[in-house]
Amino acid sequence: MANFDQELDASGLNCPLPILRAKKTLGGMEGGQVLRIVATDPGSVKDFEAFAKQTGNELMESGEEGGKFVFLIKKS
């Protein structure tokens with residue numbers, strides 16, 4: 001996974017909480033910065049794809065590490 005500026009651990013949270021926390025965290029970041037999100041909800045894979053499309057932020061990477069889902073989103 002690439003470098004990131006901030007990390008959000010959304011482990012144990014179910015939809016829509018990982019998205020809401022990511023939105024709030026991204027709101028405090030500057031354009032071009034990268035947020036790394038760790039989640040355990042399997043639905044978060046589709047949720048973050050849709051979130052990136054709707055908000056214009058870039059979903060740079062999406063993958064799995066040790067049974068958790070990891071996303072890198074670059075703020076637009």
Side-chain angles (χ1 to χ4, degrees):
M1 288 248 160
N3 291 336
F4 54 92
D5 299 292
Q6 205 165 333
E7 184 169 37
L8 170 66
D9 186 359
S11 300
L13 301 177
N14 292 324
C15 180
L17 290 175
I19 292 290
L20 294 175
R21 298 261 172 97
K23 185 175 183 180
K24 183 177 180 182
T25 304
L26 283 166
M29 294 173 69
E30 295 181 24
Q33 287 190 314
V34 176
L35 175 63
R36 180 180 193 259
I37 303 142
V38 179
T40 51
D41 181 6
S44 63
V45 176
K46 286 187 177 179
D47 290 345
F48 278 108
E49 287 174 9
F51 172 75
K53 285 179 186 167
Q54 290 172 353
T55 60
N57 296 307
E58 180 189 348
L59 180 59
M60 297 170 53
E61 285 187 45
S62 174
E64 214 176 312
E65 286 180 13
K68 294 186 178 187
F69 303 97
V70 181
F71 308 93
L72 287 179
I73 295 181
K74 182 189 277 187
K75 182 170 179 176
S76 58

Quiz item: What do the steps show when you test Val45 against Phe71 for side chain to side chain contact (heavy atoms under 4.5 Å, CB included), and what is the final call?
Solution: CA-CA 8 Å; Val45 176; Phe71 308 93; 4.2 Å; yes
Self-check item: Stepwise side chain to side chain contact (heavy atoms under 4.5 Å, CB included) test for Leu35 and Phe4
Solution: CA-CA 6 Å; Leu35 175 63; Phe4 54 92; over 6 Å; no
Exercise. Using the side chain to side chain contact (heavy atoms under 4.5 Å, CB included) rule, take Arg36 and Val70 through it: C-alpha gap first, then chi angles, then the decisive distance, then the call.
Key: CA-CA 7 Å; Arg36 180 180 193 259; Val70 181; 3.7 Å; yes
Exercise. Go through the steps to decide whether Met29 and Leu26 satisfy the test side chain to side chain contact (heavy atoms under 4.5 Å, CB included), and finish with yes or no.
Key: CA-CA 5 Å; Met29 294 173 69; Leu26 283 166; 4.1 Å; yes
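Using a 4.5 Å cut-off on side-chain heavy atoms (C-beta onward), Phe69 and Pro42 make contact.
Of the inter-residue distances, the one linking Met60 atom CE with Leu72 atom CG reads 6.0 Å to the nearest 0.5 angstrom. Separation of atoms CD1 (Ile19) and CZ (Arg21) is listed at 12.5 Å; rounding is to 0.5 Å. Atom CG of residue Asp47 and atom CD of residue Gln54 lie 9.5 Å apart, to the nearest 0.5 angstrom. How far CG of Leu17 is from NZ of Lys24: 11.5 Å, rounded to the nearest 0.5 Å.
Remark: the backbone N or O of Ile73 is not paired with any side-chain donor or acceptor of Asn57 at under 3.5 angstrom. A donor-acceptor distance shorter than 3.5 angstrom exists from the side chain of Thr40 to the backbone of Gly12, with no hydrogens or angles considered.
Between Gln33 and Asp5, the closest heavy-atom pair is CA-OD2, 3.0 Å. Of all heavy-atom pairs spanning Ser11 and Lys68, the tightest one is OG-NZ, 3.2 Å. Nearest approach of Ser76 to Thr55, heavy atoms of both residues: OG-O, 4.2 Å. Residues Phe48 and Pro18 come closest through the heavy atom pair CZ-O, 3.7 Å.
Cluster membership check: Leu59 shares its hydrophobic cluster with Ile37, using side-chain heavy-atom separations under 4.5 Å among Ile, Leu, Val, Met, Phe, Trp and Tyr.
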